[in-house]
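Below, chains carry the letters A, B, ... as their sequence lines are ordered, and counting in each starts from 1. The figures here come from the full heavy-atom set of this structure, side chains too, leaving out hydrogens, waters and symmetry mates.
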2 protein chains.
Amino acid sequence: MSTLAQNKADLERASTAQKVADMLRERVLLGELEPGLRLSEEAIGGALGVSRNTLREAFRLLTRDRILVHEHSRGVFVRRPTADDVRDLYAARRVIECGALRLWNAVGDAQREAVRAPVRQAVARAEKNDFSKTGSANIQFHRGIVGLAGSARLSDESDRLLAELMLAFRVAHEVEAFHQTYLPWNRKIVELLNDGTVEQAVQQLDEYFDAAEQDLASRLLAD
Amino acid sequence: MSTLAQNKADLERASTAQKVADMLRERVLLGELEPGLRLSEEAIGGALGVSRNTLREAFRLLTRDRILVHEHSRGVFVRRPTADDVRDLYAARRVIECGALRLWNAVGDAQREAVRAPVRQAVARAEKNDFSKTGSANIQFHRGIVGLAGSARLSDESDRLLAELMLAFRVAHEVEAFHQTYLPWNRKIVELLNDGTVEQAVQQLDEYFDAAEQDLASRLLAD
DNA sequence: ATTGTTGGATTGTTGAACGATTCTACGATA
DNA sequence: TATCGTAGAATCGTTCAACAATCCAACAAT
């Protein structure tokens, strides 16, 4: 934990714009700033004590992360994913995660453990009727899968997709209940992986995506 | 082509920062701005006639696209990919493109044609000893493959990976000669696809990546 | 109900300013 | 000679104020 590479990150302190962007991202993903909400430069900048220029830099960062959308001369808004967005999102996730999962037998055990552990924890908690962190456990599971590919770039993009999906859940008013539904699926996938039947696990993951996409898309259309 | 949705894109003309970013991106990818070069805010801003604030917004955009790297209080530089970057890049491409290619039988013929056409054109030109556009044909081939997934987000990320790879070629002094080498491979892949042996095509693509990565990484290490 | 019109509010962009950080060159010291 | 430290220049980070361009909401006219 105390390598020089670690310390380097501390030294390279974030710029103000970066810090503002991080804070806003958190606010949005926590649901304090609803999808569709317009973020006034003056209001936010005043509240945070940063200049308009710096704030605009932060907005650009979040726009590129698809957290915000930028409309020319109208301002920036918290992204409000549509059913079409959800389709696109899941098409991307399907390719990335199914592709990464197929590498199961080619990677080291540490990487495999990053897939198993979140499910194990979620199961343990669920048996005690503690569903507090099932959401983040589900996300960790999928992050673990993408991590099998061993590409930081792919993991970063996956994080962006996941964040955007968070917003879609928010729009569908399905933040808490959602993740719990799919724990059995994750469990089954890990079982199949441990059995060495990777292709079956991939197929299971694919079905998971089908179900999740259907569920979410239908809720968005009803909106 | 003349739908209202199309016109909308024209109306929403890019901001100055966006236009500056587009111009700089082109300059970098054309090789007019070498990897490693530092881009002075004052020099570039003065030459382009935009203010520092606007220019900095453009820099942020390109930084997020991994065209530039930003070092705190030191400025922005044209990205100079390392051998490690190349490994990461190909790990990502392998997952994305192999995953997308496996969807061959699930997509419409227009999408399949976007994969075949670039290879057909490149072959036709090569027979006339015209190697002028083999580079972009190769890129179009891979863009076509990613397009099979039907996700704009995935295609965008793929474009970023490809652009970054362009920079790596540039560092390796291998811009022109590179693409030609792999035309036979692309041809073979299309043949296998047309034969209906998708899995074999995927395997062939995987080997293509192996060879390309090896080639490029070794040239970068020698640098 | 639809279509101008008109202020008022907000964004887009600029230019200047100044503290903070980095770089460069030049000596000082061993 | 090589290393170290330091002053000064150059550049970045951030803020502020200003103004033009654009959008919006309310109202008037048809």
Side-chain angles (χ1 to χ4, degrees), chain A residues 4 7-25 27-28 33-80, chain B residues 4 7-25 27-28 33-80:
Chain A
L4 277 78
N7 293 0
K8 189 182 175 190
D10 298 335
L11 287 178
E12 287 173 358
R13 60 215 163 289
S15 68
T16 304
Q18 188 60 249
K19 283 186 284 190
V20 169
D22 288 344
M23 162 182 298
L24 284 176
R25 189 201 326 276
R27 286 282 167 88
V28 169
L33 301 171
E34 282 184 65
L37 181 68
R38 171 156 161 275
L39 302 183
S40 156
E41 293 184 355
E42 196 174 5
I44 307 269
L48 269 54
V50 301
S51 75
R52 276 182 64 210
N53 286 317
T54 299
L55 184 61
R56 285 168 62 87
E57 284 198 5
F59 282 169
R60 297 281 185 182
L61 294 180
L62 293 171
T63 298
R64 197 37 72 95
D65 279 351
R66 303 194 214 99
I67 298 290
L68 305 179
V69 295
H70 186 150
E71 299 188 19
H72 193 277
S73 289
R74 286 186 14 96
V76 300
F77 303 79
V78 177
R79 183 169 208 108
R80 202 165 186 290
Chain B
L4 276 76
N7 294 1
K8 188 181 174 189
D10 299 334
L11 287 178
E12 288 172 357
R13 61 202 163 294
S15 68
T16 304
Q18 189 62 249
K19 282 187 283 191
V20 169
D22 288 345
M23 162 183 298
L24 284 177
R25 178 189 288 106
R27 286 282 166 89
V28 168
L33 300 171
E34 282 184 64
L37 182 69
R38 171 156 163 276
L39 302 183
S40 154
E41 293 184 356
E42 195 175 4
I44 306 269
L48 269 54
V50 300
S51 75
R52 276 181 65 209
N53 285 317
T54 299
L55 184 61
R56 285 168 60 87
E57 284 198 5
F59 282 169
R60 296 280 183 183
L61 293 180
L62 293 171
T63 298
R64 196 39 72 97
D65 279 351
R66 303 193 215 100
I67 298 290
L68 305 179
V69 296
H70 186 151
E71 300 187 19
H72 194 278
S73 288
R74 287 186 13 98
V76 299
F77 303 78
V78 178
R79 184 170 208 109
R80 201 165 187 289

Original post:
When you check the gap from the basic side-chain N to the acidic O, do B:K19 and B:D22 get nearer than 4.0 Å?
Top reply: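 So B:K19 does not pair with B:D22 through a salt bridge.
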Original post:
Should A:E57 and B:R56 be marked as a salt bridge (charged side-chain N to carboxylate O under 4.0 Å, His left out) after you check the CA-CA gap, both sets of side-chain angles, and the distance that decides it?
Top reply: CA-CA 8 Å; A:E57 284 198 5; B:R56 285 168 60 87; 3.1 Å; yes
Original post:
Would you find more than 12 non-hydrogen atoms of other residues, nucleotides or ligands less than 6.0 Å from A:R66 atom CZ?
Top reply: yes
Below 4.0 Å: OP1/OP2 of [N] and any side-chain N or O of [X]:
| X | N | result |
| --- | --- | --- |
| A:R56 | C:dG12 | yes |
| B:T16 | C:dT13 | yes |
| B:T54 | C:dT14 | yes |
| B:H70 | D:dG13 | yes |
| A:R38 | C:dT11 | yes |

Subject >> Base-pairing assignment for D:dT15 (Watson-Crick or G-U wobble, both under 3.5 Å) >> reply: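 With both distances under 3.5 Å, D:dT15 matches C:dA16.
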Subject >> Student check: side-chain heavy atoms of B:R64 and B:R60 closer than 4.5 Å >> reply: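 B:R64 vs B:R60: side chains apart.
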Original post:
Under the 3.5 angstrom rule, does the side chain of A:T63 hit a backbone N or O of A:F59 as a donor-acceptor pair?
Top reply: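 Present.
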What is the separation between atom [atom1] on [X] and atom [atom2] on [N], rounded to the nearest whole Å?
| X | N | atom1 | atom2 | result |
| --- | --- | --- | --- | --- |
| B:E41 | D:dC12 | CD | P | 5 Å |
| B:L39 | D:dT11 | CG | P | 13 Å |
| B:F59 | D:dT11 | CZ | P | 13 Å |
| A:L48 | D:dT14 | CG | C1' | 15 Å |
| A:K19 | D:dT14 | NZ | C1' | 12 Å |
| B:E71 | C:dA20 | CD | C1' | 17 Å |
| A:E42 | C:dG8 | CD | C1' | 13 Å |
| A:E57 | D:dG13 | CD | P | 8 Å |

What's the closest nucleotide to the [X] side chain, out of [options]?
| X | options | result |
| --- | --- | --- |
| A:S73 | C:dA17, C:dG15, C:dG12 | C:dG12 |
| B:S51 | C:dT13, C:dT10, D:dT14 | C:dT13 |
| A:V50 | C:dT22, C:dT11, D:dT15 | D:dT15 |
| B:N53 | C:dT11, D:dT15, D:dG13 | D:dT15 |

**OP:** For A:G49, report the nucleic acid contact type (base, sugar-phosphate, nothing); a contact means any heavy atom under 4.0 Å.
**Re:**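 Sugar-phosphate, backbone atoms only, no base.
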**OP:** By nearest nucleotide on DNA chain D, pick out whichever of A:R52 and B:S40 is the more 5' one.
**Re:**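 Looking at the nearest nucleotide for each, B:S40 comes out on the 5' side.
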